[in-house]
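Values in this document were obtained by computation on a predicted structure and should not be read as measured data. These values consider heavy atoms only, across backbone and side chains, with no hydrogens, waters or symmetry-generated copies.
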Amino acid sequence: MPKPVLLVIAHGSRDPRHAATVHALVRQVRARRPGVRVETGFLEFNLPSVSGRLESLAAEGVRDVVALPLLLTRAFHAKADIPAVLNEAPARLRIRQAEVLGPSPLLTAALERRLYEAGLSPADKSSTGVVLAAAGSTDPEAIAVIAEIAREWRRTGWCAVRPAFASASLPRTEEVVRSLRAAGCARVVVAPYFLAPGRLPDRVARGAGEADLLAPVLGAAPEVARVLLARYDAAATVSALAAAGT
């Protein structure tokens, strides 16, 4: 039985860095799993659209698809936008929506590695406060997930880890930078919890002006590719079991 096509669903952006990062991540996924066909679709701003890609797959005779949201939390896009698009897909397709990427210890490891790549020394960990800068959401579940990631990451030896948000939620990055200074952290660094550059990461960067260090976004980190494939495998297994039961 052929393996389901992996359709990576990205939000899309007017910022060309967004699509470039998505494509770099997809190339890495393909290299790690050459036996799986991996395609990309965007919800808006970029092509191909998710609906257009699904129609093309159906026209080729593809039957099974795992649709994987390239998202870090289960907020509005994962709960509403993506299911709505998938519900309009050609009827011949059997589509399983995979879980979003976060939270995952691998993503936390990628955040930490990005900080070290940006110049932080591992020896400074215990005296360093980290601003975990995320997009923000009106969905309380998504905000609670970010807060829990910060709590768990703090337990690995940082002076402090506190969440901040670029939109829809408070506090902002600059507020948390100042609060960590006031709390006595010897240095303050900002770890953007974003998959790709764009408007909100740029807002985080502006808010990080008083920090000692700003890490890059997660981007096409190998840990992200590993999480993506783990989510695909879990969804593909469920799809295979469901198909066997029909």
Side-chain angles (χ1 to χ4, degrees), residues 1-102 104 135 194-199 217-246:
M1 183 176 181
K3 296 179 180 178
V5 171
L6 168 54
L7 177 62
V8 176
I9 300 179
H11 182 272
S13 172
R14 292 186 178 91
D15 188 325
R17 296 173 298 170
H18 174 89
T21 303
V22 171
H23 292 314
L25 176 60
V26 167
R27 285 195 297 271
Q28 187 173 150
V29 170
R30 287 181 180 135
R32 286 174 174 267
R33 195 67 65 84
V36 173
R37 179 177 174 182
V38 186
E39 300 291 348
T40 308
F42 294 90
L43 289 174
E44 54 183 342
F45 301 122
N46 302 104
L47 293 174
S49 67
V50 177
S51 57
R53 182 61 81 194
L54 289 170
E55 290 170 5
S56 296
L57 290 172
E60 290 179 34
V62 169
R63 180 71 168 138
D64 294 298
V65 176
V66 167
L68 195 151
L70 201 59
L71 300 169
L72 294 171
T73 60
R74 282 192 76 251
F76 183 79
H77 293 307
K79 294 178 179 179
D81 284 354
I82 292 175
V85 173
L86 298 181
N87 285 339
E88 297 298 319
R92 67 162 284 110
L93 294 175
R94 289 189 299 230
I95 303 173
R96 175 74 57 176
Q97 182 175 330
E99 291 296 324
V100 297
L101 300 181
S104 167
F194 292 87
L195 288 167
R199 178 175 57 87
V217 297
L218 292 170
E223 296 91 345
V224 177
R226 288 171 60 191
V227 175
L228 196 155
L229 285 168
R231 299 289 186 258
Y232 166 79
D233 289 339
T237 298
V238 173
S239 294
L241 291 173
T246 57

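- The minimum heavy-atom distance linking Leu54 with Ala89 is given by the pair CD1-CB, 3.7 Å.
- Rounding to the nearest 0.5 Å gives a distance of 15.5 Å between CZ of Arg96 and CG of Leu7.
- For Arg63, the CZ atom counts as densely surrounded, since its 6.0 Å shell holds more than 12 non-hydrogen atoms of other residues, nucleotides or ligands.
- Between Glu39 atom CD and Arg30 atom CZ the span is 6.0 Å, to the nearest 0.5 Å.
- The line from OG of Ser13 to CG of Leu43 is 12.5 Å long, rounded to the nearest 0.5 Å.
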Quiz: residues 64-75 side-chain donor-acceptor pairs under 3.5 angstrom, not counting sequence neighbours:
{"residue": "Asp64", "atom": "OD1", "partner": "Arg94", "partner atom": "NE", "Å": "2.6"}
{"residue": "Asp64", "atom": "OD1", "partner": "Arg94", "partner atom": "NH2", "Å": "3.2"}
{"residue": "Asp64", "atom": "OD2", "partner": "Arg94", "partner atom": "NH2", "Å": "2.9"}

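- No side-chain heavy atom of His18 sits less than 4.5 Å from a side-chain heavy atom of Phe45.
- Here the closest heavy-atom approach between residue Ala78 and residue Val100 is recorded as CB-CG1, 3.7 Å.
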Pair Arg14-Arg199, side-chain contact (heavy atoms from CB on, under 4.5 Å): steps then yes or no: CA-CA 9 Å; Arg14 292 186 178 91; Arg199 178 175 57 87; over 6 Å; no
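- Counting only distance, with no hydrogens or angles, the side chain of Tyr232 and the backbone of Pro4 share a donor-acceptor pair below 3.5 Å.
- With rounding to the nearest 0.5 Å, the separation of CG in Leu218 from CG in Leu25 is 10.0 Å.
- More than 12 heavy atoms of other shown residues, nucleotides or ligands fall within 6.0 angstrom of atom CZ in Arg17.
- The two residues Arg231 and Leu101 come nearest to each other via the heavy atoms NH2-O, 2.8 Å.
- Listed here is the closest heavy atom pair of Val217 and Phe194: CB-O, 3.5 Å.
- Taking the side chain as every heavy atom from C-beta outward, His23 and Asn46 never approach each other to under 4.5 Å.
- The line from CG of Leu228 to CG of Asp233 is 10.0 Å long, rounded to the nearest 0.5 Å.
- Once rounded to the nearest 0.5 Å, the distance linking OG1 of Thr40 with CZ of Arg53 reads 7.0 Å.
- Residue Ala220 comes nearest to Thr21 through the heavy atom pair N-CG2, 4.2 Å, listed as atom of the first residue, atom of the second, then distance.
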Check against side-chain contact (heavy atoms from CB on, under 4.5 Å), Leu57 and Arg37: CA-CA 11 Å; Leu57 290 172; Arg37 179 177 174 182; 3.5 Å; yes
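- Taking the side chain as every heavy atom from C-beta outward, Ile9 and Val85 never approach each other to under 4.5 Å.
- Taking each heavy atom of Arg92 and Ala58 in turn, the nearest pair found is CD-O, 3.4 Å.
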